[in-house]
Amino acid sequence: MKFERSALYSPGTIFLVVAFLAAFLASISLPTLPALEIARTRFNTILAVDGVTIDEMRTGVWSGCAYIHGNGRKCTTAAVGYDIGVLSFFDADDDDVKVIGKSWTRGLILLPVATFFTLISLIFALMPGVFNGLVASAMSFFSSLVMLLAFIVEIILLLRQKDKFGIPGASTHAGAGFWLTFISLIFLFVSGCTVCIRHRRSKGEDIEMGSFFRRFRR
């Protein structure tokens, strides 16, 4: 596999690198990277279950975690789609406990999928040739579309979490993973344009230089 040296310093490639790194970090999320959650609910008042006080609820791509006062955290089993709520962490038989079902978190798998396509786009952007540039540009736009869908799912989850845990004294905010997804989306869209322009200019320069040298062969 041959890479073009000049492509390493082009704006389009740099945008793709930033988009990929942001999406990759956001895709790891909970429970591996607890600081990169999609949404976070802080309970300023006491939320206690079986004598255990919960300070925060966090939702990530693969898991949800409850942060227990003075006793670390408890997370759901990592999976594509999971339930988040008090019943997910404790053996509490309470029908009134609010829970976010798997149908609200299953769509988060779109983020790792978009990250994979972003990596493919980056590889093609580093390879020489107009065809590879067109593929990289097309893949960037496709990745941005999948990333947009993933971001919409995150927005819906954020609103759902805010509604389900909207008890007095609780506050729900977007987490770092949410904003990393947004950053990746913006850079993906911009990179699709710049990669295409760079390869079109490169092709134009090759044609122009070829015509210039052919004049001296006559």
Side-chain angles (χ1 to χ4, degrees), residues 19-43 47-50 52-69 71-120 142-167 170-185 188:
F20 171 73
L21 291 177
F24 179 75
L25 290 174
S27 297
I28 298 176
S29 191
L30 293 171
T32 306
L33 293 179
L36 298 182
E37 75 280 4
I38 302 301
R40 173 187 304 191
T41 299
R42 177 73 179 177
F43 299 103
L47 177 62
V49 178
D50 289 350
V52 178
T53 302
I54 301 176
D55 291 331
E56 284 186 352
M57 285 279 193
R58 299 185 188 181
T59 51
V61 175
W62 307 104
S63 176
C65 296
Y67 285 75
I68 304 168
H69 183 73
N71 194 26
R73 62 172 181 163
K74 288 188 177 182
C75 299
T76 61
T77 302
V80 178
Y82 57 89
D83 293 317
I84 179 71
V86 177
L87 291 177
S88 304
F89 313 101
F90 304 97
D91 295 328
D93 187 13
D94 188 352
D95 294 334
D96 294 330
V97 176
K98 298 180 179 180
V99 178
I100 298 175
K102 295 180 180 179
S103 59
W104 296 91
T105 57
R106 191 174 291 115
L108 295 173
I109 191 62
L110 288 172
L111 179 56
V113 172
T115 304
F116 173 74
F117 285 119
T118 303
L119 177 61
I120 296 178
F142 178 74
S143 300
S144 63
L145 176 61
V146 180
M147 192 68 72
L148 175 61
L149 294 176
F151 189 61
I152 292 175
V153 171
E154 292 182 3
I155 294 175
I156 294 175
L157 176 61
L158 174 64
L159 295 177
R160 180 69 172 180
Q161 185 169 335
K162 188 173 184 178
D163 175 65
K164 298 297 285 186
F165 294 105
I167 61 178
S171 58
T172 301
H173 304 283
F178 180 92
W179 296 113
L180 283 175
T181 304
F182 178 71
I183 292 173
S184 181
L185 173 63
L188 267 176

Interatomic spacing from CG in L185 to CD1 in I152 - rounded to 0.5 Å: 9.0 Å
Do S63 side-chain atoms and T76 backbone N/O form a donor-acceptor pair below 3.5 Å? yes
Please say which of L111, L25, L21 ends up in a side chain to side chain contact (heavy atoms under 4.5 Å, CB included) with L180. L25
List the residues meeting ring-ring contact (aromatic ring centres under 6.0 Å, His included) with F20, not counting sequence neighbours, and say none if there are none. F24
Could you list the residues that satisfy side chain to side chain contact (heavy atoms under 4.5 Å, CB included) with A78, not counting sequence neighbours? P31, W62
Counting C-beta onward and ignoring hydrogens, is there a side-chain heavy-atom pair between L188 and T118 closer than 4.5 Å? yes
State, to 0.1 Å, how close V146 and L110 come at their nearest heavy-atom pair, and which atoms those are. CG1-O, 3.7 Å
Donor-acceptor pairs under 3.5 Å, side chain of residues 99-106 to any protein atom, not counting sequence neighbours: which ones?
unit_1, atom_1, unit_2, atom_2, d
T105, OG1, Y82, N, 2.9
T105, OG1, Y82, O, 2.9
T105, OG1, K102, O, 3.3

Separation between OG1 of T115 and CE of M147, rounded to the nearest 0.5 Å: 4.5 Å
Considering only residues two or more places apart or on different chains, which pairs with a residue in residues 176-185 satisfy side chain to side chain donor-acceptor pair (under 3.5 Å)? E154-T181
By side chain to side chain donor-acceptor pair (under 3.5 Å), which residues pair with H69, not counting sequence neighbours? D55
I need the minimum non-hydrogen distance between I84 and G64, along with the two atoms involved. CD1-CA, 3.6 Å
What residues form a salt bridge (Lys or Arg N to Asp or Glu O under 4.0 Å) with R160, not counting sequence neighbours? none
Apply side chain to side chain donor-acceptor pair (under 3.5 Å) to S143 and list each qualifying residue two or more places apart in sequence or on a separate chain. none
For the residue pair L158 and A174, what are the closest heavy atoms and their distance? CD1-N, 3.8 Å
Can you list the residues that meet the salt bridge (Lys or Arg N to Asp or Glu O under 4.0 Å) rule with E37, with sequence neighbours excluded? R40
According to side chain to side chain contact (heavy atoms under 4.5 Å, CB included), who are the partners of Y67, at least two apart in sequence or on a separate chain? L30, P34, E56, R58, C65, R73
Spacing of L157 atom CG and F178 atom CZ [to the nearest 0.5 Å]: 9.5 Å
Quick one: OG1 on T172 to CZ on F165, what's the gap to the nearest 0.5 Å? 8.0 Å
Apply side chain to side chain donor-acceptor pair (under 3.5 Å) to S29 and list each qualifying residue two or more places apart in sequence or on a separate chain. none
For F182, the ring-ring contact (aromatic ring centres under 6.0 Å, His included) test, sequence neighbours excluded, returns F151
Minimum heavy-atom distance L108-G60, with the two atoms named: CD1-O, 3.2 Å
Using the side chain to side chain donor-acceptor pair (under 3.5 Å) criterion, which residues pair with T59? Sequence neighbours excluded. Q161
